[in-house]
Every structure is written in C-alpha cells, then in structure tokens.
Trainee: 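Mind looking over this structure? Questions follow.
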Amino acid sequence: MKQVIVLHDAFLKPTDAWYQSIGTLIPQGYTLVTPELPEGNLQGAEFWIPALEKYKEQFNDDTILITHGLSSLLAIKFLETLSVSIKLFVSIAGTAQVPDHKGYAPIAKTFLQETVTLEKVTAHTKKIIHIWNAADPFIDPSFSLFFSEKVPG
C-alpha cells in the first residue's frame, strides 16, 4: 500500500494549517493518511507513540512520512522500532533536541528522556529531506539545522 503519512505538530490537528492540502501534491497511486495525535495534556511520547503504533503495519518501502515540528521526535522514536525501511522522510521544522519554546519544551522532553539513536532513522529511511524557516517562532532554525546534520538529508 502506497501512503503519505503526515504527522501534525503539537497543539494542532490534522485538519489544521496546510496538512490537508498535501493531498493535492502526493504522487499518483498514493493515499493520504493523517493520524490524529492526542492533544492538550495528552501530548508527548507516552500518548503519541501508542497513537501511531496502530499504523505500524501500514509502513513499508513505499511509505512517505512527513512530520511537522515536534512530530519529528515521534518519527525518530518510531523509526527506531521499524523492521522495514520507508521510501522518504520529510521533516518540516523538525528537531532532535528540546526547543526553547515554553509550550514545546515539556512535550519534547518526553521523547528525549532516553537516548535517541539517530543512526536508526537513516537506517530505516531511503531518502530524507529537511525543510525549515529561518524565522520559525517555535523551533529555532539552529535546531532544524542540527537535526539535518545528525540525520543527513
């Protein structure tokens, strides 16, 4: 099954912002999947990882995974557990660190309590693309740059 899976950022829903417009850009033959990650006090590794686990069987060598903001941390933890490689990982305003933002920091910390093995991301991904905004108000661009250096793409 060919799918583009889009993981939304903290404090958002899969119907917010630009997430649904991805459907007009996906390759022919692909379907768009936009899992709804828990929100409010239910954000972070303890809640987001189980929410994504139910999609695990859908990941295969044709999967395109797009993350935004803190869902890049979810992707890192999730890709560590996959037994297959995915076709493409696109990180938009991604981070592998705890951002300075007072709302995002507590959520990010939940993913980074244990050591993150960034090499496993590259081992489970055929191609990686990093996109970020030099004026991002939530994830400092230096965090996205660091992520792109540690997980080259």
Side-chain angles (χ1 to χ4, degrees), residues 1-12 14 17-19 22-23 25-27 30-39 42-101 103-134 136 138-153:
M1 183 180 306
K2 295 182 175 183
Q3 297 185 58
V4 174
I5 300 174
V6 179
L7 302 178
H8 61 81
D9 198 1
F11 307 109
L12 294 174
W18 48 266
Y19 302 128
I22 293 290
L25 304 172
I26 63 175
Y30 275 77
T31 57
L32 178 63
V33 178
T34 54
E36 188 160 351
L37 302 174
E39 35 183 316
L42 303 178
Q43 296 184 98
E46 177 183 357
F47 306 102
W48 281 10
I49 291 171
L52 190 56
E53 279 292 322
K54 62 184 161 187
Y55 297 90
K56 193 170 193 169
E57 296 303 316
Q58 296 179 25
F59 279 73
N60 59 53
D61 61 355
D62 286 320
T63 301
I64 297 171
L65 177 62
I66 301 173
T67 64
H68 180 213
L70 295 187
S71 66
S72 62
L73 290 167
L74 170 59
I76 290 167
K77 292 306 249 182
F78 191 73
L79 289 170
E80 284 182 329
T81 68
L82 282 183
S83 59
V84 298
S85 292
I86 64 170
K87 181 176 186 171
L88 175 63
F89 172 31
V90 180
S91 167
I92 301 172
T95 183
Q97 300 167 280
V98 176
D100 297 329
H101 188 274
Y104 281 24
I107 299 166
K109 285 179 184 176
T110 68
F111 289 97
L112 299 171
Q113 291 174 352
E114 297 173 12
T115 303
V116 175
T117 310
L118 294 175
E119 295 78 21
K120 288 186 179 180
V121 176
T122 54
H124 291 286
T125 308
K126 295 175 187 169
K127 184 174 182 181
I128 300 171
I129 297 174
H130 296 277
I131 302 170
W132 67 88
N133 180 342
D136 192 307
F138 303 106
I139 303 292
D140 186 289
S142 67
F143 286 71
S144 293
L145 178 60
F146 174 85
F147 187 30
S148 72
E149 290 170 348
K150 296 297 180 187
V151 179

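All values below come from the heavy atoms of this structure, side chains included, with hydrogens, waters and symmetry mates left out.
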Trainee: Identify the heavy atoms of A108 and Q97 that sit nearest to each other, and give their distance.
Mentor: CB-O, 4.3 Å
Trainee: Looking only at atom types and distance, does a side-chain atom of S72 sit under 3.5 Å from a main-chain N or O of G69, one as donor and one as acceptor?
Mentor: yes
Trainee: Please name the pair of heavy atoms, one in Y55 and one in P35, separated by the smallest distance, quoted to 0.1 Å.
Mentor: CE1-CB, 3.6 Å
Trainee: Does some side-chain heavy atom of K87 sit less than 4.5 Å from a side-chain heavy atom of Y30?
Mentor: yes
Trainee: How far apart are the closest heavy atoms of H124 and V84, and which atoms are they?
Mentor: ND1-O, 3.2 Å
Trainee: For F147 and G94, which heavy atoms make the closest approach, and how far apart are they?
Mentor: CD2-C, 3.8 Å
Trainee: Please lay out, stage by stage, how V116 and F111 fare under the test side chain to side chain contact (heavy atoms under 4.5 Å, CB included).
Mentor: CA-CA 8 Å; V116 175; F111 289 97; over 6 Å; no
Trainee: What is the distance from atom CG of L25 to atom CG of L32, rounded to the nearest 0.5 Å?
Mentor: 10.0 Å
Trainee: Do H130 side-chain atoms and V90 backbone N/O form a donor-acceptor pair below 3.5 Å?
Mentor: no
Trainee: Determine whether P27 and V4 make a side-chain contact, defined as any pair of heavy atoms from C-beta on separated by less than 4.5 Å.
Mentor: yes
Trainee: Of all the heavy-atom pairs spanning L65 and A75, show the shortest one and how long it is.
Mentor: CD2-CB, 3.8 Å
Trainee: Nearest 0.5 Å, please: how far is NZ in K126 from CG in L88?
Mentor: 11.0 Å
Trainee: Carefully, step by step, assess K77 and E114 under the rule side chain to side chain contact (heavy atoms under 4.5 Å, CB included).
Mentor: CA-CA 10 Å; K77 292 306 249 182; E114 297 173 12; 4.1 Å; yes
Trainee: With rounding to the nearest 0.5 Å, note down the distance linking CD in Q3 to OG1 in T31.
Mentor: 4.0 Å
Trainee: Side chains of W18 and I92, heavy atoms from C-beta outward: is any pair under 4.5 Å?
Mentor: yes
Trainee: Kindly indicate whether the side chain of I86, heavy atoms from C-beta on, has any atom under 4.5 Å from the side chain of L79.
Mentor: yes
Trainee: Can you find a pair of side-chain heavy atoms, one from L70 and one from I139, that are under 4.5 Å apart?
Mentor: yes
Trainee: Would a 4.5 Å heavy-atom cut-off, applied to side chains only, mark S91 and T67 as touching?
Mentor: yes
Trainee: Which value, rounded to the nearest 0.5 Å, describes the distance between I66 atom CD1 and I22 atom CD1?
Mentor: 4.5 Å
Trainee: Kindly state each residue pair satisfying ring-ring contact (aromatic ring centres under 6.0 Å, His included) with at least one member in residues 69-93, sequence neighbours excluded.
Mentor: F59-F78
Trainee: With a 6.0 Å cut-off (strictly less than), is the heavy-atom count around NZ of K109, excluding the residue itself, greater than 12?
Mentor: no
Trainee: List the steps and the verdict of side chain to side chain contact (heavy atoms under 4.5 Å, CB included) for F146 and T95.
Mentor: CA-CA 8 Å; F146 174 85; T95 183; over 6 Å; no
Trainee: With sequence neighbours left out, write down each residue that passes side-chain contact (heavy atoms from CB on, under 4.5 Å) with E39, or none if nothing qualifies.
Mentor: K13, E36
Trainee: So, taking the atom named CG in L73 and the one named CH2 in W48, what distance separates them when rounded to the nearest 0.5 Å?
Mentor: 8.5 Å
Trainee: Would you give the length of the straight line joining atom CD1 of I64 to atom CD1 of I129, rounded to the nearest 0.5 angstrom?
Mentor: 9.0 Å
Trainee: Sort out for me which residue in I128, L118, T122 forms a side-chain contact (heavy atoms from CB on, under 4.5 Å) with P152.
Mentor: T122
Trainee: Taking C-beta and beyond as the side chain, do L37 and F47 meet within less than 4.5 Å on heavy atoms?
Mentor: no
Trainee: Does the E80 side chain pair with the main chain of T117, one donor and one acceptor, at a distance under 3.5 Å?
Mentor: yes
Trainee: Mark yes or no for whether N60, through its side chain, and M1, through its backbone, hold a donor-acceptor pair below 3.5 Å.
Mentor: yes
Trainee: Over all heavy atoms of both residues, which pair between A105 and P99 is shortest? Give the atoms and the distance, please.
Mentor: CB-O, 3.4 Å
Trainee: Counting C-beta onward and ignoring hydrogens, is there a side-chain heavy-atom pair between T110 and E46 closer than 4.5 Å?
Mentor: no
Trainee: For K127, I'd like to know if atom NZ has over 12 heavy atoms of other residues, nucleotides or ligands within 6.0 Å.
Mentor: no
